[in-house]
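Following this message is one structure expressed as structure tokens.
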Amino acid sequence: MSRFNRSGTSSHSEPNSSERSAFAPEYEPVQLGSSSVLKPLTPPSVSNLTPSTCLAIGEFKELLRQYRQLDDGITTRLNRSFARSRALGQSSSPSLLSSSTNSASSADLGTSTYATPQPAACAAFWRELVDVWIGREEVVRFCIKVADQTSSPAPAVASTDQRLNADYTPPSGKQDRWSRAENTAETLNRQLHNELKVESIIRARSLDAFKSRCKFFTPTPPTGPEGDRERAMWLGIPTPAARASQQGAPLP
């Protein structure tokens with residue numbers, strides 16, 4: 001069973017930035033400690049996400065590697081769609097050459113040099129990119145929650161006499177284990193937060209490729225938090241979650 005809702009629609013209206021794509025994130029509730037949180041479901045081509053995946057950094061990075069390949073797939077399909085539209089004469093062109101003469105050679109020259117995909121195609125590809133980006137960011141945010149919920153082993157409660165003894169220290173073996181666990185947790189948390197920065201870099205590459213093809217397209221994000229996130233993605237600036245991570249604040 002697909003982990004994404006891929007139900008089709010018979011509508012042929014031009015898509016807008018608020019419509020869902022085949023990559024729109026889906027969620028399922030999971031229990032983390034005493035809290036119930038929503039876990040994002042990954043696309044069929046990406047490994048399934050579980051809380052244990054978040055705690056195994058190698059598995060987590062492999063999942064993100066698979067997820068990030070979708071960017072390449074979308075931009076490749078955009079290029080193919082662009083070439084297909086151009087071959088069918090459906091691309092728009094600001095070139096004066098194509099309007100000043102009916103010769104096939106000059107029309108080809110103007111179209112191949114300046115043509116852009118149809119607005120509906122740009123809107124659909126933009127929606128797919130945004131949904132993939134949101135899905136990946138949600139995976140990272142979920143794993144940060146998992147890491148925060150997975151606390152280090154708590155020191156054993158000392159007896160009253162031990163607490164009153166200023167010279168008391170835990171046995172060296174336990175102290176070493178606590179120290180190692182704390183270091184491991186800190187390293188994992190730092191690596192997870194760093195992935196939000198990596199996401200910004202990867203989005204910038206895909207955004208440049210998209211804007212080079214859809215030069216005259218501008219999205220219209222909705223109002224609210226999701227619109228703020230999409231707007232940040234379009235402008236190529238850190239999303240609210242990435243900014244909170246940089247500032248050490250709880251993720252929104």
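All of these numbers come straight from a predicted model, not from anything done at the bench.
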Transitive ILVMFWY cluster of Val198 at side-chain heavy atoms under 4.5 Å: who else is in it?
-> Ile202
Sort and list the pairs that fulfil ring pair (Phe, Tyr, Trp, His ring centres under 6.0 Å) and have at least one residue in residues 127-148, not counting sequence neighbours.
-> Trp126-Trp133
State whether the number of non-hydrogen atoms from other residues, nucleotides or ligands found under 6.0 Å of Lys211 atom NZ is greater than 12.
-> yes
Do the non-hydrogen side-chain atoms of Ser45 and Leu70 ever get within less than 4.5 Å of each other?
-> yes
Taking only residues two or more places apart in sequence or in another chain, which ones pass side-chain contact (heavy atoms from CB on, under 4.5 Å) with Ser36?
-> Pro29, Gln31
Can you see which heavy atom on Val46 is nearest to which on Leu63, and at what distance?
-> CG1-O, 3.6 Å
Does some side-chain heavy atom of Glu230 sit less than 4.5 Å from a side-chain heavy atom of Pro222?
-> yes
By side-chain contact (heavy atoms from CB on, under 4.5 Å), which residues pair with Ile74, not counting sequence neighbours?
-> Phe23, Arg77, Phe125, Glu128, Leu129, Val132
side-chain hydrogen bond (donor to acceptor under 3.5 Å, both in side chains) involving Glu59 - partner list, sequence neighbours excluded | none
With sequence neighbours left out, write down each residue that passes side-chain contact (heavy atoms from CB on, under 4.5 Å) with Ile201, or none if nothing qualifies.
-> none
Measure the shortest side-chain to side-chain distance between Ser35 and Gln149 over non-hydrogen atoms and say whether it is less than 4.5 angstrom.
-> yes
Residue pair Glu138, Tyr27: steps toward the side chain to side chain contact (heavy atoms under 4.5 Å, CB included) verdict = CA-CA 10 Å; Glu138 289 297 287; Tyr27 303 84; 3.3 Å; yes
Heavy-atom closest pair, residues Ala147 and Asn189 | CB-ND2, 4.4 Å
Sequence neighbours left out, what passes side-chain hydrogen bond (donor to acceptor under 3.5 Å, both in side chains) with Ser52? Give chain and number order.
-> Thr50
Contacts of Glu62 meeting side-chain hydrogen bond (donor to acceptor under 3.5 Å, both in side chains) (sequence neighbours excluded), chain-then-number -> Arg65, Gln66
Taking NZ, NE, NH1 and NH2 as the nitrogens, is one of them in Arg231 or Asp228 under 4.0 Å from a carboxylate oxygen of the other?
-> yes
Donor-acceptor under 3.5 Å (Ser206 side chain, Arg203 main chain) = no
Side chain proximity check, Met233 to Leu207, heavy atoms < 4.5 angstrom = no
Tell me, please, which residues at least two apart from Arg136 pass salt bridge (charged side-chain N to carboxylate O under 4.0 Å, His left out).
-> Asp71, Glu199
Partners meeting salt bridge (charged side-chain N to carboxylate O under 4.0 Å, His left out) with Asp208 (sequence neighbours left out) = none
Indicate, with yes or no, if Leu196 and Ile237 share a hydrophobic cluster defined by side-chain heavy-atom contacts under 4.5 Å among Ile, Leu, Val, Met, Phe, Trp and Tyr.
-> yes
side-chain hydrogen bond (donor to acceptor under 3.5 Å, both in side chains) against Glu195, all qualifying residues, sequence neighbours excluded | Lys61, Arg68
Counting distance only, does the side-chain N/O of Thr53 pair as donor-acceptor with the main-chain N or O of Leu49 below 3.5 Å?
-> no
